[in-house]
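Remarks on the structure that follows.
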Amino acid sequence: MANWKELEKQFAARLSMSCRPVAVTFLDAEPAGIAKFSGSEPAGCSFWRLAADGRAFYTLPADHFNCAVGAYTHNVQLLPERVQ
């Protein structure tokens, strides 16, 4: 398993970053040891902000139903009533 804290330090040091890096992955199963996102966000971009603030979590397709663009980029099929 990767040492994410160490990788973050290396990225920040080499790239002179003013914000924390964010990692995204697409998995076939829920990740062990990571909390499921709870709540609601108005757009998929909100998840990036939360992650940049230091939160580690995973989302499910339904978490992206509030944002057509976010759903599209994550290949999430919106419910018919959410498409419009």
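- Of all the heavy atoms in Glu41 and Asn66, the pair that sits closest is O-ND2, 2.9 Å.
- When all heavy atoms of Arg55 and Phe37 are compared, the pair lying nearest together is NH2-CD1, 3.9 Å.
- Nearest approach of Asp63 to Phe47, heavy atoms of both residues: O-CZ, 3.5 Å.
- In this structure, CG in Asp53 is found 8.5 Å from CZ in Arg20, a value given to the nearest 0.5 Å.
- Of all the heavy atoms in Cys67 and Gly44, the pair that sits closest is CB-N, 3.5 Å.
- Within 6.0 Å of atom OH in Tyr58, more than 12 heavy atoms from other residues, nucleotides or ligands are found, so the atom counts as buried in its surroundings.
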Side chains of residues 68-76: which donor-acceptor pairs under 3.5 Å do they make with residues two or more places apart or in other chains?
from	atom 1	to	atom 2	distance (Å)
Thr73	OG1	Val69	O	3.4
Thr73	OG1	Gly70	O	3.0
His74	ND1	Gly70	O	3.0

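- Taking 4.0 Å as the cut-off between side-chain N and carboxylate O, Lys36 and Glu30 do not count as a salt-bridged pair.
- Residue Trp48 is grouped with residue Phe26 when hydrophobic side chains (ILVMFWY) are merged at heavy-atom distances under 4.5 angstrom, including chains of intermediate members.
- Taking CD1 from Ile34 and OG1 from Thr25, the interatomic distance works out to 11.0 Å, rounded to the nearest 0.5 Å.
- Interatomic distance, Asn3 CG to Gln10 CD, rounded to the nearest 0.5 Å: 8.5 Å.
- Under the 4.5 Å side-chain heavy-atom criterion for Ile, Leu, Val, Met, Phe, Trp and Tyr, Val22 and Leu15 are members of distinct hydrophobic clusters.
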